[in-house]
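Step one of this worksheet: look at the structure below.
All of these numbers come straight from a predicted model, not from anything done at the bench.
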Amino acid sequence: IRALYDVISGPVGAPRDWDRMRSLFAPDGRLIPTGQRPDGTGVYRTLSVEDYVRTNGPALIELGFREHEIGRVTERFGSIAHAFSSYEAFRGGEADPFMKGINSIQLWHDGARWWILSVYWQQASERVPLPLRYGGTDVSGGGT
């Protein structure tokens, strides 16, 4: 999980190591951003690692993007694991995060190493605040 945050993060103009990103995911691994439309209805997209690199990669480099974990809750059973990993993200040289949210990361252990099967995430918002237990400020427990 640390490697995932590391590989997408970097200052303006810094190339990302996309081969490293590819090596973290199972061959059919997916990245799934989700959120809410202005009318409140939910929306999500399903991306392969190649889709993510092609659609998000240029902006990460052009704008500078740093994301780091601020909390994690992990559950494991045998060869499967799930991590609820809260994050905050910064652009360029920002000192304050422009975004917080939660990455729901599903992992599989093949007997030798862990593979990411999917990263499914949602950005926190006024409508869906980050719960206190995940590094947010919403003491009510979040917008579920």
My understanding is that only residues two or more places apart in sequence, or in another chain, count here; which of them pass side-chain hydrogen bond (donor to acceptor under 3.5 Å, both in side chains) with [X]?
| X | value |
| --- | --- |
| R45 | none |
| W115 | D110 |
| D96 | none |
| R54 | D51 |

(request) Give a yes or no on whether the backbone of I105 and the side-chain of N103 come within a donor-acceptor separation of less than 3.5 Å. (result)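 Looks like no, no N/O pair under 3.5 Å.
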(message) Please check: side-chain N/O of S125 versus main-chain N/O of R127, any donor-acceptor pairing under 3.5 Å?
(response)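 Such a contact is found between S125 side chain and R127 backbone.
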State plainly whether one hydrophobic cluster holds both [X] and [Y], where clusters connect Ile, Leu, Val, Met, Phe, Trp and Tyr through side-chain heavy atoms under 4.5 angstrom apart.
| X | Y | answer |
| --- | --- | --- |
| Y87 | Y52 | yes |
| L24 | W121 | yes |
| I1 | W108 | no |
| F90 | Y5 | no |
| L47 | I61 | no |

(request) Check the pair T34, Q122 against side chain to side chain donor-acceptor pair (under 3.5 Å), reporting the backbone distance first and the verdict last. (result) CA-CA 5 Å; T34 186; Q122 181 165 346; 4.8 Å; no
State, yes or no, whether a side-chain contact exists between [X] and [Y] at a heavy-atom distance under 4.5 Å.
| X | Y | result |
| --- | --- | --- |
| R133 | V73 | no |
| L4 | F25 | yes |
| H82 | S104 | yes |
| I8 | M21 | yes |

(request) Apply side chain to side chain contact (heavy atoms under 4.5 Å, CB included) to the pair R30 and Y120, showing each step before the final yes or no. (result) CA-CA 8 Å; R30 295 289 177 252; Y120 177 46; over 6 Å; no
Please table the atom pairs, donor to acceptor, closer than 3.5 Å between any side-chain atom in residues 63-70 and protein atoms at least two apart or in another chain.
| residue | atom | partner | partner atom | Å |
| --- | --- | --- | --- | --- |
| R66 | NH1 | G92 | O | 2.4 |
| R66 | NH2 | E94 | O | 2.9 |
| H68 | NE2 | E88 | OE2 | 2.9 |
| E69 | OE1 | R72 | NE | 3.4 |
| E69 | OE1 | R72 | NH2 | 2.9 |
| E69 | OE2 | R72 | NE | 2.8 |
| E69 | OE2 | R72 | NH2 | 3.4 |
| E69 | OE2 | S85 | OG | 2.6 |

(request) Supply the atom-to-atom distance I116 CD1 to L31 CG, rounded to the nearest 0.5 angstrom. (result)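 Rounded to the nearest 0.5 Å, the CD1-CG separation comes to 8.0 Å.
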(request) Enter the distance from F84:CZ to I102:CD1 here, rounded to the nearest 0.5 Å. (result)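 Result: 4.5 Å between the selected atoms.
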(request) Give the minimum heavy-atom separation between A124 and P129, together with the two atoms involved. (result)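 So the minimum-distance heavy-atom pair works out to CB-C, 4.4 Å.
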(message) Tell me whether Y44 at atom OH has more than 12 heavy atoms from other residues, nucleotides or ligands lying less than 6.0 Å away.
(response)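 Counting other residues, nucleotides and ligands, OH of Y44 stays at 12 neighbours or fewer.
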(request) Using a cut-off of 6.0 Å, state whether more than 12 heavy atoms not belonging to R2 lie near its atom CZ. (result)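 Counting other residues, nucleotides and ligands, CZ of R2 stays at 12 neighbours or fewer.
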(message) Taking salt bridge (Lys or Arg N to Asp or Glu O under 4.0 Å) as the cut-off, I'd like each qualifying pair that reaches into residues 10-19, sequence neighbours left out, listed once.
(response)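 As it turns out, the salt bridge (Lys or Arg N to Asp or Glu O under 4.0 Å) pairs with a partner in residues 10-19, which skip direct neighbours, are D19-R22.
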